[in-house]
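Report on the following structure.
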Amino acid sequence: MFEAHFQTFEEPEGGVALTARLAAFREELLRRKLTGFVIPRADQQQNEYVAPSEERLAWLTGFTGSAGMAVVLTQQAAVFVDGRYTLQAAKQVDGKAWNVEPLVDPPPEKWLAKHLTPGDRLGFDPWLHTSAAAERLAAACAKAGAELVAVESNPLDSVWTERPAPPLGPVAIHGTQFSGETEADKLGRIRGEIARLGADALVLSDSHAVAWTFNIRGADVSHTPLPLSYALVPKDGRAIVFIDHRKLSNSARDHLEQNADVREPDALTPRLTELAQSGAAIALDNATAADALKRLITGAGAKVIAGSDPVALLKAVKNATEIEGTRTAHRRDAVALARFLAWIDREAPSGALTEIDAVEALETFRRETGALKDVSFPTIAGTGPNGAIVHYRVTRKTNRRIVPGDLLLIDSGAQYEDGTTDVTRTIAIGEPTPEMRDRFTRVLRGHIAIARASFPDGTTGAQIDTLARQFLWQAGIDFEHGTGHGVGSYLSVHEGPARISKLGTTPLKRGMILSNEPGYYKTDAFGIRIENLELVVAADIAGAEKPMNGFETLTLAPIDIRLIDLKMFSPKERAWLNDYHARVRREVRPHLDEATKVWLDAATGPLAL
């Protein structure tokens, strides 16, 4: 009945193949007189989702997470992952060949300083690391008496004999009916930021920034409508977009050429060199600009102004058209979600369904809206112990039956031309245990605390992150990921610069869209996460002495009331959930078939106050 079009369930290669790859890679390092090499999970623009041709970390180690790094030395090798991927890496990486180490605390540089020896030559590809990352590696090498070597060609590519070709996804025009602002107006705002920085030009090294600025979308990476590209925006004069011409139809080229010259990607280096030699001050994005770009510019004698890409903040604050579009996208998505949740409640108690069945069904319901362009990331459908793996991705090997007594955690999203969605629900299959109810209720109370929050203009995500964790902390537990990330407008489902986390230092501005997703994970038992997307809006507070903000919830999907311990709920929390569920019924119910309406009425029934 159901079929997935946008993701597969195949297991990555392992065993003998990975052992042979590591041996061949070490031989290549020896040939190049290198005693080690750093392999980040990155492409030239630090994208979260990368083309198959850029999956070097997965090819060498077997680890398929979206963040990580590996270091190969003559006698040692390590894979570094953050807390989201600790369990996944342990399952995917050969423990005999690789150590699995923390990515953040302590950082890989600590491991390097300990394992490098005087005279070692540690190689790195400057196109795959930012300058800040390269500086950290250089400091670790210096501490150990080793040398950091920038290579001209990546040695891993030399042994990856079947490396896929770079992508050539066609470029599409993202019209103003979706973007709400012309390219000329966006360029005008960007030039104002360039002047503010004291720069003569800005390099857009982030393809998301190029896509937003020039109102284009593409198909070069999975799940994000991204055309891999660069742009150079001068303070005065025409911009230049660097993109493979084979991706451009006549209409797409005409669209770009209204506001920019169009050049092939290999023209970027000579144009930057020419500009640098003229003495121009060139701004680069610390987060996405490759160290190779900084080396090129400074090597030609110019000044680099390194900082945050101003486009990231401009892009994060959605305009009225984008906001209305995302509301429409979430209402559409809500119909598919209601149909899916009703189907799960009807079919899962039999014990016949699997995680893959759930993934395929949800994608099918979304495709039946007639507007789905892609899923916004590989759907996470983890039942029982698989739910405790934060970024679990089901394969045919790990596929588990959904049985009574389990919790099913399903985290998914959709890409529609008018908006990007991301939603997580945890579903009780059969009767939940008291512990499950306790943990779920604590997570939900934290979720509601964020949704109900009011905060002064200028408040950062770090300042409100505690609200989501407070009830978990009271029980001596926590979750090892941020509470929320920014979300793009038919772009990346994980968008900076704002986030709700301990590290979220960017002030939250009206028009930003962020996720609200606290969780709890009991290893080898179950996982819980509740996620809605929230729009930052003005808060109307009587007597307020300064501008105040709050959140408008965009996601419209029932939260499983069977998992709530009502004794732990306050009257205000019950009122919030009743109001939310009433809104779900009001906005979603008219678009459902009769059977799903009956299910929705029961699933969103009011809790007694």
Side-chain angles (χ1 to χ4, degrees), residues 11-30 32 34-42 55-125 128-129 133-134 136-149 151 154-156 159-160 385 388-393 395 397-398 480-481 521 523-524:
E11 189 77 20
E13 286 187 274
V16 175
L18 293 181
T19 302
R21 290 172 188 176
L22 181 57
F25 183 55
R26 280 193 166 118
E27 288 179 11
E28 180 65 16
L29 295 182
L30 184 63
R32 297 193 185 202
L34 295 171
T35 50
F37 200 79
V38 183
I39 306 99
R41 201 281 181 177
E55 289 280 14
R56 295 178 180 86
L57 184 64
W59 182 83
L60 185 65
T61 69
F63 172 64
T64 60
S66 64
M69 189 172 91
V71 175
V72 176
L73 302 179
T74 305
Q75 301 296 330
Q76 300 269 357
V79 177
F80 301 86
V81 301
D82 64 32
R84 298 170 298 169
Y85 292 115
T86 304
L87 296 178
Q88 178 177 330
K91 294 176 184 294
Q92 291 183 325
V93 172
D94 180 1
K96 295 178 181 178
W98 302 87
N99 294 327
V100 176
E101 303 284 348
L103 182 64
V104 178
D105 187 19
E109 292 77 24
K110 291 275 190 183
W111 187 91
L112 279 169
K114 179 180 178 182
H115 289 88
L116 290 171
T117 58
D120 279 348
R121 301 180 78 246
L122 180 71
F124 83 109
D125 185 339
L128 301 179
H129 297 258
R136 291 193 297 270
L137 291 174
C141 287
K143 189 172 182 179
E147 177 187 2
L148 183 66
V149 181
V151 300
N154 196 310
L156 190 144
V159 297
W160 189 359
I389 303 171
V390 178
H391 274 207
Y392 170 71
R393 181 179 173 185
T395 67
K397 182 178 177 181
T398 65
E480 297 298 321
H481 57 76
Y521 312 92
T523 301
D524 295 329

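The residues of the chain are indexed from 1 along the displayed sequence. Quick note: numbers below take in every heavy atom, side chains included, and nothing from hydrogens, waters or symmetry partners.
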Nearest 0.5 angstrom please: [X] [atom1] to [Y] [atom2], how far?
| X | Y | atom1 | atom2 | result |
| --- | --- | --- | --- | --- |
| Q75 | T35 | CD | OG1 | 11.0 Å |
| L87 | D524 | CG | CG | 7.5 Å |
| H115 | Q76 | NE2 | CD | 4.5 Å |
| L148 | R136 | CG | CZ | 12.5 Å |
| K143 | L112 | NZ | CG | 11.5 Å |
| L103 | R84 | CG | CZ | 9.0 Å |

With a 4.5 Å limit on heavy-atom distance, are the side chains of [X] and [Y] in contact?
| X | Y | result |
| --- | --- | --- |
| E480 | V390 | no |
| L18 | D94 | no |
| F37 | N154 | yes |
| R41 | R56 | no |
| L22 | W98 | yes |

- Query: Where does the angle between the aromatic ring planes of W59 and W160 fall among parallel (under 30°), tilted (30 to 60°) and perpendicular (over 60°)?
  - Reply: parallel

Minimum heavy-atom distance between [X] and [Y], given as atom pair plus value:
| X | Y | answer |
| --- | --- | --- |
| P108 | M69 | CB-CE, 3.3 Å |
| Q92 | G65 | OE1-N, 4.5 Å |
| A388 | T523 | CB-CA, 4.0 Å |
| L128 | P40 | O-CG, 3.5 Å |
| A77 | R26 | CB-NH2, 3.7 Å |
| I389 | K91 | CD1-CE, 3.6 Å |

- Message: By the definition side chain to side chain contact (heavy atoms under 4.5 Å, CB included), identify the one residue from I39, L60, T61 that meets it with V79.
- Response: T61

- Donor on one side chain, acceptor on other, T64 and Q88, under 3.5 Å: yes

- Using the test salt bridge (charged side-chain N to carboxylate O under 4.0 Å, His left out), find all partners of D120 that sit at least two apart in sequence or belong to another chain. none

- Given the side-chain rings of F80 and W111, with only the six-membered ring counted for Trp, is the space between their centroids under 6.0 Å? yes

- Please test E109 against L137 for side-chain contact (heavy atoms from CB on, under 4.5 Å), starting from the C-alpha separation and ending with a verdict. CA-CA 6 Å; E109 292 77 24; L137 291 174; 4.2 Å; yes

